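So that the names make sense, note that chain A is the first sequence line, chain B the second, and so on, each numbered from 1. Note that the coordinates shown come from a computational prediction; the quantities given were computed from them, not determined experimentally.
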Number of protein chains: 2
Amino acid sequence: MAAQPVTKTARHPGRRRDRAATRAALLDAARRRFGRQGYEGTGLREIAADVGVDPALIPRYFGSKRALYAEAVHVEIPSGLAADVNAPVPHLADALLREVVFGDWPGFDGEHPLVAMLRSAGHSDVRDLLRHQLCDGYLNALSGRLDGPDAALRAELLGALLIGMGVLRSVVGSPALSDATYEQLRPLVARLSAALAAAPAVKGSSGGGSRGGPRRGEASR
Amino acid sequence: MAAQPVTKTARHPGRRRDRAATRAALLDAARRRFGRQGYEGTGLREIAADVGVDPALIPRYFGSKRALYAEAVHVEIPSGLAADVNAPVPHLADALLREVVFGDWPGFDGEHPLVAMLRSAGHSDVRDLLRHQLCDGYLNALSGRLDGPDAALRAELLGALLIGMGVLRSVVGSPALSDATYEQLRPLVARLSAALAAAPAVKGSSGGGSRGGPRRGEASR
DNA sequence: CCCACAAGTCATCGTTCGTTGACTTGGAGG
DNA sequence: CCTCCAAGTCAACGAACGATGACTTGTGGG
């Protein structure tokens, strides 16, 4: 990032008169505000005040508040997931734990954008966006590595665990999970993902555990 | 039905001129609206229109919108939990699954009030209420039945799973979990809760005395 | 040096919000 | 039947909202 092509004099510290930089700063402030307060709870005047510009710039640069929100919450999931396609499920779960729960998302105050989006889940388009990003970004990649008739269901259960952990940590602030470190949580999540990776007990699924088999699960109920 | 002590003539179907009944109807409509749209996304005129009365009744009967919200989301957790104190953890997890995920909460459109409250989690007092109800109502009862140094953490992990399931089902609407039945989910949750109920495996990694260690996760930048 | 154009500001519009006070109406008691 | 009080309605308020158009100001190119 060759910082700025300063043409003449860089007198002002951050922003001189740069449309792109102002737009990016507005987008960043919008991410934070929308994530923390939800869509309806955030005013354009707040976002503009965070950046230090006039609120009228927002409808100008983004079209409308709703378009700003759509652009703010749209984040491509980096998905180190897609990289290691052949990784076993517990390794994937570990990667997801690191990324979804413990990854610091710079524009979102350290919480995962999907968790932040939950606060604005009153609108149906937010629901659609959430479902799309979650299912296509994470769950599909996960369920493809499971087998059995309810692979999708077990993948979503793992997703529910991770989403719930994010919610408890950054929304609710439950004591134990909020203070837990990654090293503390890793073996527990590994145990849970192993329990989910095992093929379903019933359903007449033949040949127990095609891939690696049940890892150390005492799956007996 | 027809349990109303009709004093003279029961001409109007539902409500004649009954302050208590109108108040209760407003509270119920408020629960539904706040749960579905969040606090900021709900207007008093909407709630009043659902009941069919004038919006001015709400500040009159409840004091303010905020007080109405506080009264609407305050629900005592029935907690068949506290009843069977000696039930083993998997049985408890099953009861929680039935109650939290599949219980139909009449005033909240079938989703758990804690999940509904997530949509208004922008305010710190909602966060406090959530944490209080969740921790004191569910997690404490759960962690008391686990042992080991991280009993609270494992209890919160189970809570995270259930909360995440509720979120995925009623907020996100992920396909597999939304269509799943209780009978489908029960064995899976049983497996997970069994994995959590087991005593923590002795992690030989941190042999040193300093608990936890100041290890900070590698902050990918 | 200066000037045109874009970046940013200002005043303001129409709407909707929560809330308030004055008014109207229904229904039970005398 | 009349009266009175509470339940409910109506109109309106000030504030905040998103959005718009006209204006001001800074800056790079000539």
Value in whole Å for how far the P atom of C:dG8 lies from CG of A:D18
7 Å

Between A:L130 and B:V172, the two heavy atoms sitting closest are C-CG1, 4.2 Å

Check the phosphate of C:dA7 against A:R19, side-chain N and O only, distance under 4.0 Å to OP1 or OP2. Yes or no?
yes

Can you find a side chain N or O atom of A:T22 that sits less than 4.0 Å from OP1 or OP2 on C:dG8?
yes

Partners of A:D50 by side chain to side chain donor-acceptor pair (under 3.5 Å), sequence neighbours excluded?
A:R33

Could you tell me how far apart B:L57 (CG) and C:dG21 (P) are, to the nearest whole angstrom?
15 Å

For B:H123, the ring-ring contact (aromatic ring centres under 6.0 Å, His included) test, sequence neighbours excluded, returns B:Y39

Rounding to a whole Å, what distance do you find between A:L26:CG and C:dG8:P?
9 Å

Just jot down the ring-ring contact (aromatic ring centres under 6.0 Å, His included) partners of B:F108, sequence neighbours excluded, or say none.
none

I need a per-nucleotide contact map over nucleotides 18-23 of chain D, read 5' to 3'. Cutoff is protein heavy atoms under 4.0 Å; write B for the base, S for backbone only, - otherwise.
BBB-B-

Residues in ring-ring contact (aromatic ring centres under 6.0 Å, His included) contact with B:F102, at least two apart in sequence or another chain:
B:Y182

Using OP1 and OP2 only, check whether a side-chain N or O of B:Y61 sits under 4.0 Å from D:dA7.
no

If the condition is salt bridge (Lys or Arg N to Asp or Glu O under 4.0 Å), which residues does B:R45 pass it with, not counting sequence neighbours?
none

